[in-house]
Amino acid sequence: MKERLEQLKQEALQKVDQATEVQSLKDVRVEYLGKKGPITEVLRGMGKLSKEERPVIGQLANEVREQIADAIESKQTKMEEEALEKQLEEESVDVTLPGRPVQVGGPHLLTSIVEEIEDLFIGMGFEIKEGPEVETDYYNFEALNLPKGHPARDMQDSFYITEELLLRTHTSPVQARTMGHKNGKEPVKMICPGKVYRRDTDDATHSHQFTQIEGLLVDKHVRMSDLKGVLNAFAKQMFGEDRDIRLRPSFFPFTEPSVEMDISCKVCGGKGCSVCKGTGWIEILGAGMVHPNVLEMAGYDPEEYSGFAFGMGPERIAMLKYGVDDIRHFYTNDIRFLKQYHKA
Amino acid sequence: MLVSLNWLQDYIDVSKYTPEELAEIITKTGIEVESVEPVAEEVQGVVVGYVEECEQHPNADKLSLCQVNVGEESLQIVCGAPNIAKGQKVPVAVPGAVLPGNFKIKKTKLRGEVSNGMICSLQELGVDEKDVPKEYADGIFVFPDDVEVGAEATALLNLDDKIIELGLTPNRSDALSMAGVAYEVAAAIDGEYTLAEENVEPSNEKAEDKVTVKVEDPAANPYYGAFVIQDIEVGPSPLWLRNRLTAAGIRPINNVVDITNYVLLEYGQPLHAFDYDRFGSNEIVTRRAKDGETIQTLDDQERTLTSDHLVITNGTEAHAIAGVMGGATSEVQDDTKTIILEAAYFNPAVVRQSSKDHGLRSESSTRFEKGVDPNRVERAGKRACELLQKYANGTVLAGVVSFDQLDRSEKKVAIHTSIINDRLGTEITNEEIADILRRLQFDYKQNGEEFIVSAPTRRQDIERFEDMLEEVARIYGYDNLPFTLPGGESQAGGLSLDQQLKRRMKAYFEGAGLDEAITYSLTKKDWATMLVSPEVEREAVAPVGLAMPMSEDYSHLRQSLLPEMLQSLSYNIARKQQNLAYYEVGTVFVSEEEEVTKQPSEMLRASGALTGTWVTHPWQQEKKDIDFFVVKGIVEGLSEQLNIPFTYEKTKVSSMHPGRTALVKAGGKDIGFIGQIHPKLQKEMDLKETYVFDLNVEELLKLYDKEEAFRKIPRYPSVSRDIALVVDESVAAGDIAATISEAGAPLVKEVQVFDLYQGEHLEEGKKSLAFNLLYLDPERTLKDQEVEEAHEAILTAVKEKHQAELRG
């Protein structure tokens, strides 16, 4: 009986091995493992065996059964895998063909710059404030220590609508308005980005409309060294850790002392080159300590409160950072220009 | 202000610095140096030559053959200048010389004659055309007789000088003079300088016997001083003086005029010389002009005056517009013998008004406008007398005839060391402050840490503590300030909710495939009111215009972002960029007044303009042009993003396609429109089929529910049913959908159109619309029976309302 089982096993395994399609495997299963198959028959004839032989043969028969079943199983898996592989091979695509395009838009370069600056100052605890683009003469000039007839009004020739209304020439009126809301008590820590307008003929370096970001901090004991520290943090984050800043005296009617901030030239590292006109420095922004007249007009006691303010032009920063050579690029919306800076 | 370094060196020793180093120091301590330029490019080997012989060139009409003594030898040189003559001293570039542009001079032959060098014009030596005196403009330069033959011409002509250009801010008018610059540089480098005393030797005759002075408006003219100088010999100024004027950008004219200009540059005080014999009287009266009074000014223009202007008269006629320009009648001429020299203080505002009204901006008016140093007015007159004595052979009459109500007092400003340190974040000592004041040459009285500073009158900008704070800070050096961060209560900072939402909206548009554009707020008048959203148009009366626009293209404030955005599309299309999709979030300006008196409302809009192909994927035969539904899809996406339901109604907006325009509504209000622009407008603006949207951002911000409550995710399955309905062509799909939603409430949650059909198998004038309906009860599983009942109710409702038949 042992021999018989061994022989059945050999036969079955050979058939499994020779099978080329799933159907032949099924046939083998029915032929050898089915209810009427030879192994079942062997098991049925076990009654004739001795008590000692019975468990031995029974175990052997089961083993043979399992071995055949396993062989069928693994052969079947192998055949299925081969079939799938063949199918997938047939389904393959030319991966070098172009994909279906997705419409991707992006922000304007100026927006990217403005938001970058906003986020930078938000990180230092500043709020973002906005205000009207058509301003009163009072908020645009007078509240900023520029009374009527002040010579510095020449510096910013303006688009007037009436004698009392004009397109704001800077975003400083937002500062005056914000301070005015505090009743001379609470501190102010804000930046105000926005569009501003001046009577300039459009050319490579002038635009009758441009963008400004101004900042203001008013509190007790605000020091000029704080201004220097904040601007330094800004410059390093915006332009790179390796850039230095310097302040040099300047004049703005709404600040005293007034300074301009330069950063060291990236191109030459401060040695002097054509980009920085040989000075090693590039002008970035104007700043200063808030003029006591401005504080007073906004209701603050300049003996108790002090503050600093600064203002910069995102167009200029974009021009420096990306080498944009003509300010008009920011307003013609040439798609080829805009797309260039979507990663900016 | 142009500063000659050779001239500055006369006042203060700056020789240990290179011009660039000096520029850096000046920039860092006070005044921005805009440029450092040599007077001329480097010139070598040019000497003074004496023209011993000068004859006609034998072979050329327009050339001369000269024998020129250049010191050690005599050279034959061919010269083409018309003004060459025997006996002149001229600049000669000898063989081996190098002229600007690396032009090397060699021995050569011209029309058969040997030429051993070149006699030069100033232009050939690198002097700017505008700085060349008129008499030498078309020929060679001729030296005065007193120069030495063989001497270096570059030094004599000041060609080795360097010019520093100062960019002066309005507060630093004190540096509009060489003396002022010298004080500033002295403070910056801790050097020594004081303005030297004038040295005049007057005659016995008295000026007051020659003229009288009367001032009618002391507020406009608090000081008027008249000097009288006789026996003047008008002629060219000495070369050094001419060189200095040239270096400062002023063209030399004659000694009298040059001297007044020289003193203007040296002291910052404008002066004016009248020809005494042509003045028409011996009384000087300054007064406000009469309305309509006229004067012929030096530039030969007749100018009409008003009482805003101050004039210098002879009692009857005006001879000068005070501080701005002299009159032609009493102009100094070659035969002038006696002059009245005016040294005056005119009110800055009055001069500014005159110079503005007459469009005359001069070296003189710019200085008066900023306010001259009251302590230097009379001194400047004396300085001019000194120079006229020396260089015009003049006899200065004794004394100055003057009217004088001028305030010459110095402002007192108190500063405290501790307050300075508190404001700067420094630890400056009393001694350091005292040292800074010494360098600035500011007098002070010290009492412990308090300094009472007397600001010199040359520094009119110093009025209060903060001005002195700046003086201390800049001389102490901004580089020496520490870096600190502000103390005080900490504040979170951040974007407001509206600002966050605005950023999210922009991100949505960009994700939807639109590029952000930024356009101008100012536009042409027609465009200001074009493509305005109906709800904006209802509020706007007239477009807001500028009082004095620079051009018609930018004369009015926009009521819609679209016209300028379409202009951007047109700009791109002209550059072969056909497929464009822009959005912009920006302000429009709406005034409810016919004549604007108050600030217009500024409304934030989100607008877009799209044209061309939306998606193209050629090898899979996919191509989708932008149409109404692309734009609507973008707007619907925004609605979904913000979770604010929008509804759409067919509408008409001027300049829009009458059949393809929809009003957008939300929260029961009109919030904007979408659609195709009118084909006529397309054509006018050189556009192809173009679609736009325009939405009210502020209204969306209001409707946006910032803290929306959590909505449960349904746990029970929904049931989907389709219906196809046949209706008249004119019935809007949106209306049917609305009826379905209403009749199917509360079980019907969504209604979607999935098919639109017209044509074969349908009656003429009919269309078939197929909807997919989603039934859901969030609390339990729906029974077929319930869905069936709701479905029947819907069919009844659409039949009743829209005569819709179920499609068989």
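Lettering of chains follows the sequences in order, A, B, ..., and the numbering in each one begins at 1.
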Discussion item. Quick check for you: among A/Met124, A/Glu260, A/Glu130, A/Lys220, which has the greatest number of heavy-atom pairs under 4.5 Å with chain B?
Written reply: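 When all of A/Met124, A/Glu260, A/Glu130, A/Lys220 are compared, A/Glu130 has the most.
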Item to complete: Determine the option with the most heavy-atom pairs under 4.5 angstrom with chain B, choosing from A/Asp262, A/Asp200, A/Leu231.
Response: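 With the most close heavy-atom pairs to chain B, the winner is A/Asp200.
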Discussion item. I'd like to know if the side chain of B/Gln499 pairs up with that of A/Glu118 as donor and acceptor (distance under 3.5 Å, no hydrogens or angles considered).
Written reply: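 Their side chains do not contain a donor-acceptor pair, so the 3.5 Å distance test is not met.
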By a 4.5 Å heavy-atom criterion (distance strictly below it), what part of [X] contacts chain A: side chain, backbone, both, or neither?
X	answer
B/Ser551	neither
B/Ile419	neither
B/Ser496	neither
B/Arg172	neither
B/Ala349	neither
B/Tyr582	side chain
B/Phe509	neither
B/Lys506	side chain

Discussion item. With a 4.0 Å cut-off on N to O distance, would you call B/Glu24 and A/Arg246 a salt bridge?
Written reply: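 Here B/Glu24 pairs with A/Arg246 in a salt bridge, since their nearest N and O are under 4.0 Å apart.
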Worksheet item: Considering the options A/Met289, A/Glu256, A/Met224, which one meets the side-chain contact (heavy atoms from CB on, under 4.5 Å) requirement together with B/Glu470?
Response: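 So the option named by the test is A/Glu256.
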Discussion item. Using the rule side-chain contact (heavy atoms from CB on, under 4.5 Å), only one of B/Leu424, B/Thr484, B/Asn421, B/Thr426 pairs with A/Arg223; which is it?
Written reply: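 By the side-chain contact (heavy atoms from CB on, under 4.5 Å) criterion, A/Arg223 pairs with just one of B/Leu424, B/Thr484, B/Asn421, B/Thr426: B/Thr484.
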To the closest 0.5 Å, what do you measure between [atom1] ([X]) and [atom2] ([Y])?
X	Y	atom1	atom2	value
B/Met548	A/Phe159	CE	CZ	10.0 Å
A/Leu338	B/Leu580	CG	CG	10.0 Å
A/Gln103	B/Thr613	CD	OG1	9.5 Å
A/Leu165	B/Leu546	CG	CG	11.5 Å

Report which part of [X] has an atom under 4.5 Å of a heavy atom belonging to chain B: side chain, backbone, both, or neither.
X	answer
A/Ile161	both
A/Val259	side chain
A/Pro187	neither
A/Thr211	neither
A/Val134	both

Fill in: Minimum-distance pair of heavy atoms, taken over all atoms of A/Val104 and B/Asp515
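Closest approach of A/Val104 to B/Asp515: O-OD1, 4.1 Å.
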So which residue, [options], ends up with the most heavy-atom pairs under 4.5 Å with chain A?
options	value
B/Val596, B/Leu522, B/Val33, B/Val544	B/Leu522
B/Leu569, B/Asn171, B/Leu514, B/Ile31	B/Asn171
B/Glu595, B/Gln599, B/Glu510, B/Glu20	B/Glu510
B/Arg474, B/Glu584, B/Arg503	B/Arg503
B/Pro549, B/Ser521, B/Pro618	B/Ser521
B/Thr169, B/Asp467, B/Ile518	B/Ile518

Worksheet item: B/Tyr520 vs A/Tyr331 aromatic rings, parallel, tilted or perpendicular, using cut-offs 30° and 60°?
Response: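 Aromatic pair B/Tyr520/A/Tyr331 classed parallel.
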